[in-house]
Amino acid sequence: MPREVEPSQNEKQFFARALQENIRLDGRAFDQFRSLEVEFGEEYGVADVRLGKTRINTHITATVEPPFPDRPFEGTFTITTELSPMASPAFTSSAPTPTEISLSRLLEKTIRRSGALDTESLCLIAGSKVWSIRADVHVLSHDGNLVDAACISVMAALQHFRKPDTSSEGQNVTIYTLREREPVPLSLLHFPYCVTFSFYKVEKGKGEGDEVKMLIDGCGVEEALRDGSLTVGMNRHGEAALVKVKDISAFVAKSLEEDAKKRDKGGMMAELSAENDRVS
């Protein structure tokens, strides 16, 4: 299985010396994220996130399917990840790498299993038809901190997504197009994000022992050289890493507002919303 190219001995020594002097390779503070950019596609539910040189694209889709027999009143929500060799030579298309497995598990625990999406709101006809929501996460470029960037991308895409409006009569469900009715946003109960900390054992000096340094949002080289890591997932009301999660949540909300203004050309969305209210 291909492996990441390990930093050279000179890079390791330079990095260790920089940590001793409280300096990061790119000049950031230890608790500072790289530049964050969020762009939305023309289609609802497409979010392109750039965290430094790490880039992740998430696409949300919805289909009508039968519910699970043991959960007749709930829709389904799945998250799939794809780490192609285009993002890093260490990734393969034949078998999932440890990085991909770890990323999938953390996204699963942070977003799906935490109940961020209200699956009961996806029910159309109990025991017969529900919405099945799927998030496809594509890693386009890998330069460290995939978990935080992927979590931002999935949450941004979920907030941006709109499912078609529907009406039901008996066992029949009518799905309306965008021209007929304004699509409906997903019901999100909370907005979890991840913050990943990298830890390093650094020598203080001769006879002084070691100390532990901590960084946030490590780049590729910083991740390759770290001695340990901790990923904290929580919503914007959490206590640990409170400031960072609030900053990320506010940034995504602002990006969504800007996208909504671009889409509402000539007040078309307002007219469709009024039509929805009239029919309901």
Side-chain angles (χ1 to χ4, degrees), residues 3-36 49-56 81 83 87-88 90-91 96-111 113-114 139 141-155 192-236 238-249 251:
R3 298 176 58 186
E4 291 275 7
V5 178
E6 294 186 2
S8 66
Q9 192 62 33
N10 285 341
E11 287 177 312
K12 294 178 181 179
Q13 293 175 353
F14 180 82
F15 181 73
R17 182 63 181 273
L19 277 183
Q20 288 178 332
E21 299 178 4
N22 295 322
I23 298 174
R24 295 185 74 167
L25 298 179
D26 53 9
R28 285 183 289 149
F30 280 15
D31 62 348
Q32 182 180 359
F33 271 82
R34 291 169 290 178
S35 61
L36 174 64
V49 169
R50 294 179 179 87
L51 185 58
K53 294 181 180 179
T54 295
R55 181 179 178 184
I56 297 182
T81 57
L83 282 69
S88 169
F91 302 149
T97 62
T99 301
E100 183 173 3
I101 294 172
S102 176
L103 176 63
S104 298
R105 288 177 177 173
L106 282 168
L107 291 177
E108 182 85 359
K109 291 179 180 179
T110 304
I111 301 176
R113 290 173 59 181
S114 70
V139 178
S141 178
H142 174 31
D143 187 34
N145 206 7
L146 287 179
V147 173
D148 294 9
C151 192
I152 295 171
S153 183
V154 173
M155 289 308 303
Y193 292 98
C194 289
V195 177
T196 299
F197 302 84
S198 297
F199 298 94
Y200 306 85
K201 187 182 293 185
V202 181
E203 294 182 2
K204 284 186 177 181
K206 292 184 178 180
E208 296 184 14
D210 298 331
E211 64 176 327
V212 176
K213 300 279 188 177
M214 180 189 72
L215 308 179
I216 284 180
D217 182 30
C219 65
V221 174
E222 291 173 335
E223 282 193 352
L225 295 174
R226 68 189 179 190
D227 296 307
S229 65
L230 170 67
T231 298
V232 180
M234 67 191 64
N235 61 29
R236 58 189 175 189
E239 294 181 356
L242 175 64
V243 175
K244 295 302 177 185
V245 172
K246 278 190 173 181
D247 289 346
I248 294 171
S249 182
F251 183 86

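Just the heavy atoms: all of them, side chains too, but no hydrogens, waters or symmetry mates, feed the values below.
Between Val139 and Thr81 there is no side-chain heavy-atom pair separated by less than 4.5 Å.
A distance-only check finds no donor-acceptor pair linking the side chain of Thr97 to the backbone of Phe91 [under 3.5 Å]. With Ser114 contributing its side chain and Ile111 its backbone, the two residues share a donor-acceptor pair below 3.5 Å. Between the side chain of Tyr193 and the backbone N or O of Met155, no donor-acceptor pair lies under 3.5 Å.
Once rounded to the nearest 0.5 Å, the distance linking CG of Leu106 with CD1 of Ile101 reads 12.0 Å. Here the straight-line distance linking atom CG of Asp143 with atom CD of Glu222 works out to 9.0 Å at 0.5 Å rounding. With values rounded to the nearest 0.5 angstrom, Leu83 atom CG is found 6.0 Å from Leu103 atom CG.
With sequence neighbours left out, the salt bridge (Lys or Arg N to Asp or Glu O under 4.0 Å) criterion links Asp217 to Arg28, Arg34. Arg50 is linked by a side chain to side chain donor-acceptor pair (under 3.5 Å) to nothing, counting only residues two or more places apart in sequence or in another chain. By the side chain to side chain donor-acceptor pair (under 3.5 Å) test, Asn22 is found to be paired with Lys213, residues two or more places apart in sequence or in another chain being considered. Partners of Ala149 by side chain to side chain contact (heavy atoms under 4.5 Å, CB included), not counting sequence neighbours, listed by chain and number: Leu51, Thr54, Ile56.
Contacts classified as salt bridge (charged side-chain N to carboxylate O under 4.0 Å, His left out) and involving residues 102-111 (residues at least two apart or in different chains) are given here: Glu108-Arg112.
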Compile the donor-acceptor pairs under 3.5 Å between side chains in residues 223-231 and protein atoms, sequence neighbours left out, one pair per line.
residue : atom : partner : partner atom : Å
Glu223  : OE2  : Asn145  : N            : 2.5
Arg226  : NH1  : Ser198  : OG           : 2.9
Asp227  : OD2  : Lys201  : N            : 2.7
Thr231  : OG1  : Thr196  : OG1          : 3.1

Contacts under 3.5 angstrom, residues 9-17 side chains, donor-acceptor by atom type, not counting sequence neighbours:
residue : atom : partner : partner atom : Å
Glu11   : OE1  : Ser8    : N            : 2.8
Glu11   : OE1  : Ser8    : OG           : 3.4
Arg17   : NE   : Glu21   : OE2          : 3.0

| message | Show, in sequence, the C-alpha distance, side-chain angles and deciding distance for Phe197 and Ile216, and conclude whether the side chain to side chain contact (heavy atoms under 4.5 Å, CB included) test is met. | response | CA-CA 5 Å; Phe197 302 84; Ile216 284 180; 3.7 Å; yes

